[in-house]
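Following: one structure in structure tokens, then a few remarks.
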Amino acid sequence: MMNMLVSDTPLLFSSTEEKVEWWRNAKNNPEFKMLFDEIREEGTKLLQEKEQELTYSLFRIFTESGSRLEFEKVYFKKRHRLTTFAIMVLLEPEDKEYVTALENTIWSICNEYSWCLPAHLKNSIETSTTISCSLDRPSVENYTIDLFSAETAFSLAEILKLTEDVLDPLICKRIYEEVYKRVFRPFKTTKYEWETQEHNWASVCAGSIGAAALHLIQDKEELNTIVTKVLPAMECYLNGFNDDGVCLEGYGYWQYGFGYYVYFADLVKKKTNGKLDLLNSEKVHQIALFQQRCFLNENKVVNFSDANPSASVFLGLSHYLSKVYDDFEIPERKLRAKFTADHCGRWAPAIRNLLWFDDTLADQPWGNGSNFFNESQWLISRHQTTSGHFSFAAKGGNNNEPHNHNDIGHFILQGNSEVFLKDLGSGLYTKDYFSEKRYTFLCNGSHGHSVPIINHQFQEEGSSKFARILDVDLGEDVDIFELDISNAYELENLRSLNRKFTWIKKELPKLILDDVYSFTEQPISITERLITSAFSIIEEEDEVILAGKQRLRILYDSRMLYLEVKKLNFINHFGVMEENYALDFTVLNPVKKCNVQLIFQFE
């Protein structure tokens, strides 16, 4: 590895002159005006606000109540100030007010007790009350490294390299000291659990540490030590994907985890003069294409697992990947993430949404087509007619996926940017959300998904709960997806449950859902549950209509099924209460051989 780390050239700009010229040209480019106006407006606002500190009282709230919001609101606001002031220093280097504001925020961050979130410090040395002081060693020997401590190191390192010509030397010194103390030295000597995990933690933590090291560590042997330890963690991250490239954690975690994978890959490729290219594999190629495959229409996304139903795109990351892969589709600019969209205030994507933005690239709306991802067992179909944009998505998989929801057989149905059959997505993260109570939360348990409830029982969690694919047939006019989902339920008398989706792609498309049950003895109850937003619900004989700007008619046999509409309140990822509904179609006379059909017709 050491012989590959050959470049001594700065990694973002080759010289101060090149940096100054880039910012000057960008400021004079009208295509950047909207981007810069957002940042200037935010910078002006933040200058008027007092910097909040992370007090001990805030630090204790998670331990005492399990709530993360109070501490994290202040923590992420501080990172947002860091990002904003650093970009404003680059935009307006002559404005000393921003230099002072940046230095004060850096100083405040360097003074923090821990760069980790309290939620990530369980059983850590930072929260231990054991006193182990000695004149021969520091009171904290191995700091905990979580997502945000690693990101903080990356942010400070890169900001230092971009602004060290205006920062006070003491501020620069503090950045070096704190990053080495809190991140580099502990990472060198400690084996962290996330290094072998197969999800976003591996790429964000390791990628951030590797990026910070590439910026700050001058000694090639020391740099080699860090980078050599980073690379296996990045490989573990890739192991969490199937070859089809689906991010089972959801699009937001693709943007996050894969984003940091790309940020590090770009820097290490430059550092090695192209000898180490972490993007040069077919698996990484397929992962990159997940973005263009997982959107339903405009900003609506397939949000299985802990993902939000609407998403914006990082144009910088998208423009960069379009130059790596010929078949990477450049999304419409109207879908771009605004500067203030990231509530975590992350530096790495924010600066690259500027540096990697290419105003010469032509964008395009998401295209038509159906994709079945065999290993992940996802089907996603987009269908456009003169009547509008319609889409359907369904999943098999198993109930032990990253950020898992118990949702085998679940589906989403969208028409003209209104999601009629929905996935609730990610709930509010609390201590209980990631505990043994996880599946009591509406958004995580199968009771919050469009799947059957059998004998009053929901699906169970675990890798042994998986779907069996029976048939997949993707055609120009009709898509068929059939799977046996009986294994998701811990019911001895359930022999099989074949769920068949028939997606008929007409001018106004239709979805037919057929569930075929086979029991060894008569079941107690069968309820077909559908999850929908707070549409106007019109009940008529043998049908129910969900009415928004678009209308969806659901047809059923009232001689066989009894419909009950139930209000479901749900606290989303941002702590906002949402009103949703469950449409429960209960079988009136459940028998050992039972067939249920629901027809969804757009009109």
Side-chain angles (χ1 to χ4, degrees), residues 9-44 80 83-95 98 158-159 161-163 251 254-256 258-263 265-267 269-270 279 285 288-293 295 297-299 301 310-342 345-367:
T9 304
L11 299 177
L12 294 179
F13 297 101
S14 61
S15 65
T16 300
E17 291 74 24
E18 183 188 9
K19 179 187 73 172
V20 171
E21 182 181 3
W22 188 93
W23 286 96
R24 183 191 306 117
N25 291 339
K27 282 195 292 183
N28 293 329
N29 185 340
E31 295 292 333
F32 279 82
K33 184 178 185 305
M34 184 183 298
L35 308 180
F36 289 153
D37 284 350
E38 289 176 356
I39 300 169
R40 286 194 176 97
E41 181 180 348
E42 193 66 12
T44 300
H80 178 57
T83 296
T84 305
F85 293 148
I87 294 176
M88 286 305 302
V89 166
L90 295 166
L91 263 178
E92 311 291 349
E94 69 285 349
D95 191 333
Y98 283 113
E158 200 157 83
I159 288 169
K161 286 303 172 182
L162 287 174
T163 63
Y251 174 70
W254 174 91
Q255 198 175 60
Y256 185 33
F258 189 60
Y260 275 83
Y261 181 92
V262 174
Y263 308 151
D266 171 68
L267 294 174
K269 183 177 180 179
K270 291 174 180 174
L279 301 179
H285 174 206
L289 299 185
F290 178 69
Q291 173 174 271
Q292 67 204 46
R293 293 167 170 170
F295 276 82
N297 181 39
E298 295 189 336
N299 70 336
V301 70
S310 300
S312 52
V313 300
F314 290 164
L315 275 189
L317 177 62
S318 298
H319 289 177
Y320 181 92
L321 290 172
S322 73
K323 297 173 183 178
V324 178
Y325 307 110
D326 292 339
D327 53 350
F328 186 93
E329 297 176 8
I330 302 169
E332 294 178 283
R333 291 190 190 181
K334 69 179 182 179
L335 300 181
R336 75 170 180 89
K338 293 184 178 180
F339 178 69
T340 55
D342 180 8
R346 295 182 176 93
W347 161 263
I351 190 63
R352 284 160 178 80
N353 277 335
L354 298 174
L355 299 183
W356 287 353
F357 176 76
D358 187 343
D359 62 292
T360 67
L361 297 177
D363 59 11
Q364 57 186 331
W366 309 118

Subject >> Validation row: Arg336, Met34 side chains within 4.5 angstrom (heavy atoms) >> reply: yes
**OP:** Could you walk me through whether Tyr263 and Tyr320 pass the side chain to side chain contact (heavy atoms under 4.5 Å, CB included) test, one step at a time?
**Re:** CA-CA 10 Å; Tyr263 308 151; Tyr320 181 92; over 6 Å; no
Subject >> Working for side chain to side chain contact (heavy atoms under 4.5 Å, CB included), residues Leu354 and Trp22 >> reply: CA-CA 11 Å; Leu354 298 174; Trp22 188 93; 4.3 Å; yes
Subject >> Donor-acceptor under 3.5 Å (Asn353 side chain, Gly316 main chain) >> reply: yes
Original post:
Any side-chain heavy-atom pair from Asn25 and Asn29 closer than 4.5 angstrom?
Top reply: no
Subject >> Side-chain donor or acceptor of Glu18 paired with backbone N/O of Phe13 under 3.5 Å >> reply: no
**OP:** For the pair Tyr261 and Phe258, name the ring-plane relationship: parallel under 30°, tilted 30 to 60°, perpendicular over 60°.
**Re:** parallel
**OP:** For Lys161, look at atom NZ and say whether over 12 heavy atoms of other residues, nucleotides or ligands are found less than 6.0 Å away.
**Re:** yes
**OP:** Please report the C-alpha distance between Arg333 and Glu31 in whole Å, then the side-chain angles of each, then the deciding distance to 0.1 Å, and finally whether the salt bridge (charged side-chain N to carboxylate O under 4.0 Å, His left out) criterion is met.
**Re:** CA-CA 11 Å; Arg333 291 190 190 181; Glu31 295 292 333; 2.7 Å; yes
Original post:
So, Gln255 side chain and Ser312 main chain: donor-acceptor pair closer than 3.5 Å or not?
Top reply: yes
Original post:
Hey, what do you get for CD (Glu38) to OG1 (Thr84), rounding to the nearest 0.5 Å?
Top reply: 11.0 Å
Subject >> Neighbour count >12 (heavy atoms, 6.0 Å) for atom NZ, Lys33 >> reply: no
**OP:** Mind listing the closest non-hydrogen atom pair of Trp23 and Leu355 along with its distance?
**Re:** CZ2-CD2, 4.3 Å
Original post:
Among all residues two or more places apart in sequence or in another chain, which pass the ring pair (Phe, Tyr, Trp, His ring centres under 6.0 Å) test with Phe357?
Top reply: Phe32, His319
Subject >> Partner set under side chain to side chain donor-acceptor pair (under 3.5 Å) for Glu41, not counting sequence neighbours >> reply: none
Original post:
Between Trp366 and Glu298, is there a donor-acceptor pair closer than 3.5 Å when you use the side chain of the first and the backbone of the second?
Top reply: yes
Original post:
Under a 4.5 Å cut-off applied to non-hydrogen side-chain atoms, are Phe339 and Leu35 in contact?
Top reply: no
**OP:** Over 60° means perpendicular and under 30° means parallel, so classify the ring planes of Tyr251 and Trp254, tilted if in between.
**Re:** parallel
Original post:
Quick check: does any side chain N or O of Arg352 sit under 3.5 Å from a backbone N or O of Ala348, one acting as donor and the other as acceptor?
Top reply: yes
Original post:
Is Arg293 salt-bridged to Glu329, cutoff N-O under 4.0 Å?
Top reply: no
Subject >> Rounded distance (nearest 0.5 Å) linking atom CD1 of Ile87 with atom CD1 of Ile351 >> reply: 4.5 Å
Original post:
Does the side chain of Trp356 reach to within under 4.5 Å of the side chain of Ser318, using non-hydrogen atoms?
Top reply: no
**OP:** Dump the intermediate steps for side chain to side chain contact (heavy atoms under 4.5 Å, CB included) on Lys19 and Leu162, then the final yes or no.
**Re:** CA-CA 8 Å; Lys19 179 187 73 172; Leu162 287 174; 4.2 Å; yes
Subject >> Check against side chain to side chain contact (heavy atoms under 4.5 Å, CB included), Glu158 and Leu11 >> reply: CA-CA 9 Å; Glu158 200 157 83; Leu11 299 177; over 6 Å; no
**OP:** Locate the shortest heavy-atom distance separating Ala86 from Thr163; write the atom from each residue and the value.
**Re:** O-CG2, 4.4 Å
Original post:
Of the non-hydrogen atoms in Leu361 and Lys323, which two are nearest, and what is the gap between them?
Top reply: CD1-CE, 4.1 Å
Original post:
Is there a donor-acceptor contact under 3.5 Å from the side chain of Ser322 to the main chain of Phe328?
Top reply: no
Original post:
Rounded to the nearest 0.5 Å, how far does CG of Leu321 lie from CD of Gln292?
Top reply: 10.0 Å
Subject >> Under 3.5 Å: donor-acceptor pair, side chain of Gln291, backbone of Pro331 >> reply: no
Original post:
So, Tyr325 side chain and Leu279 main chain: donor-acceptor pair closer than 3.5 Å or not?
Top reply: yes
Original post:
Of the non-hydrogen atoms in Phe295 and Ala311, which two are nearest, and what is the gap between them?
Top reply: CE2-O, 3.9 Å
Subject >> Nearest-0.5 Å distance, CD of residue Glu332 to CD1 of residue Ile330 >> reply: 12.0 Å
Subject >> Shortest non-hydrogen separation from Ala350 to Thr83 and the atoms involved >> reply: CB-CG2, 3.7 Å
Subject >> Neighbour count above 12 (heavy atom, 6.0 Å) for Asp326 CG >> reply: no
Subject >> Evaluation steps, ring pair (Phe, Tyr, Trp, His ring centres under 6.0 Å), between Phe85 and His80 >> reply: CA-CA 8 Å; Phe85 293 148; His80 178 57; 8.8 Å; no
Subject >> Shortest non-hydrogen contact from Met88 toward Arg40 >> reply: SD-CA, 3.8 Å
**OP:** Begin from the C-alpha positions of Lys338 and Glu42 and carry the test salt bridge (charged side-chain N to carboxylate O under 4.0 Å, His left out) through to its verdict.
**Re:** CA-CA 11 Å; Lys338 293 184 178 180; Glu42 193 66 12; over 6 Å; no
